[in-house]
Amino acid sequence: MAKFQPDRGPQPHAAASDLRRLLAELHAGDIDALAAIYDRTARELYGLALWRCGAEDEAEDALQDVFVRLARKPPDPSKLRDPRAYLLTMARRSACDILRRRRPSEPLEGLLLTAPEPSPELPVDAATATRHLARISDVQREAIYLRYFAGLSFAEIGTVTAVPTFTAASRCRTGIERLRRLMGVEP
Amino acid sequence: MNEKPFPFPGLEPPEPEARLRPRVLRAARKAAAKARTGRFARLVDRLWSSRPLRLTWLAATLALVALNATVDPGASPTRTYHPPSAVRGLVPDELAGGAGTERLTDLRLAVAREGLF
């Protein structure tokens, strides 16, 4: 299945081979490889954690947790099918652990979306978009993030979130439909 | 499946703040250093906290030292090459043919000389 290409332009994802090489260096004991891994993946991992937790400080903690675990026990990249999916899975697990520790009813604190370039012509501003995103479920939100911002296929989303491909696709579709209803657009 | 576009065009998830990078990398380096020393410390700790392991280690060390002191390095077995011409007449012909390729040891040559064949 061809990957979905969002109309807002490609995201600078870390190339799998590059990431695999850096993980191999880390596995061989080169701790400096962590900085390069951070530069290539932090944005994506932080975004996923933020969309899962809804609070910036918790997303920061989740990101730190990923890198601490990577440093403590570097994975053998030859045993990883997809290093990027592996790191996204780690970020998701860290975010889920943080969510489990806090009270479940706490509302979203941070902005889940921002405008990279200020433009008065945006149909929805970041605060309104975040409010809408807060009204869909955590799992729908993370599926939408992985689909539209990490550019993963439904099968890859299923791998990261530990659900069947069909469930991943369904979460994404129902999440988008609910967002469109909230905006008053026909789903 | 006809997939709908993202409903909030022009908006993107925020990036992590720049101050987070040194904090994360510092924590990761600290964890890596702790893990490295932790593994060695755990091994030493395990060795010293277990009486049988401690005694085994001591006995093995003493045995190695004693053996090192008692064994004469000159007594170690040597291998000498004996060409087929040297062993001709001492061993049966079918063995003499293989002597050139296999390098007959002193021990085997001595056995051959004592007429066991």
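So you know, we letter chains A, B, ... as the sequences are listed, proteins then strands, and number each from 1. Since the model is a prediction, treat every value here as computed from it, not as a measurement.
Within residues 29-36 of chain A, the residues approaching chain B closer than 4.5 Å by heavy atoms are, in numerical order, A/I31, A/D32, A/L34, A/A35.
When each of A/K73, A/H132, A/M183 is checked for heavy-atom pairs under 4.5 Å with chain B, A/M183 comes out on top. Chain A forms more heavy-atom pairs under 4.5 Å with one residue of B/A31, B/P7, B/P14 than with any other, namely B/P14. Of the listed residues (B/R23, B/R29, B/E17), the greatest number of heavy-atom pairs within a distance under 4.5 Å of chain A belongs to B/R23.
Here the side chain of A/T167 pairs no donor or acceptor atom with the backbone of A/V163 at under 3.5 angstrom. Judged by distance alone, with hydrogens and angles left aside, the side-chain atoms of A/R20 form a donor-acceptor pair with the main-chain N or O of A/R81 at under 3.5 Å. A donor-acceptor pair is defined here as one N or O able to donate and one able to accept, closer than 3.5 Å; no such pair exists between the side chain of A/T161 and the backbone of A/A143. In this structure, the side chain of A/R141 engages the main chain of A/W51 through a donor-acceptor pair within 3.5 Å. A/R69 places a side-chain N or O within donor-acceptor distance of the main-chain N or O of A/M90, the cut-off being under 3.5 Å. A donor-acceptor contact shorter than 3.5 Å is absent between the side chain of A/S170 and the backbone of A/F166.
Inspection of the A/T128 and A/D125 side chains reveals an N or O donor paired with an N or O acceptor under 3.5 Å. Inspection of the A/Q140 and A/R178 side chains reveals no N or O donor paired with an N or O acceptor under 3.5 Å.
For A/I144, the part sitting under 4.5 Å from any heavy atom of chain B is the side chain, from C-beta outward, and nothing else. For a residue to count as touching a neighbouring chain, one of its non-hydrogen atoms must lie under 4.5 Å from one of that chain's; by this rule B/L25 touches chain A with the side chain only. The part of B/R19 that comes within reach of chain A is its side chain, from C-beta onward, which places non-hydrogen atoms under 4.5 angstrom from that chain. Interface remark: A/Y38 contributes side-chain atoms only to the contact with chain B (heavy atom separation under 4.5 Å).
The aromatic rings of B/F6 and A/F149 sit perpendicular, their planes meeting at an angle over 60°, well past the 30° parallel limit.
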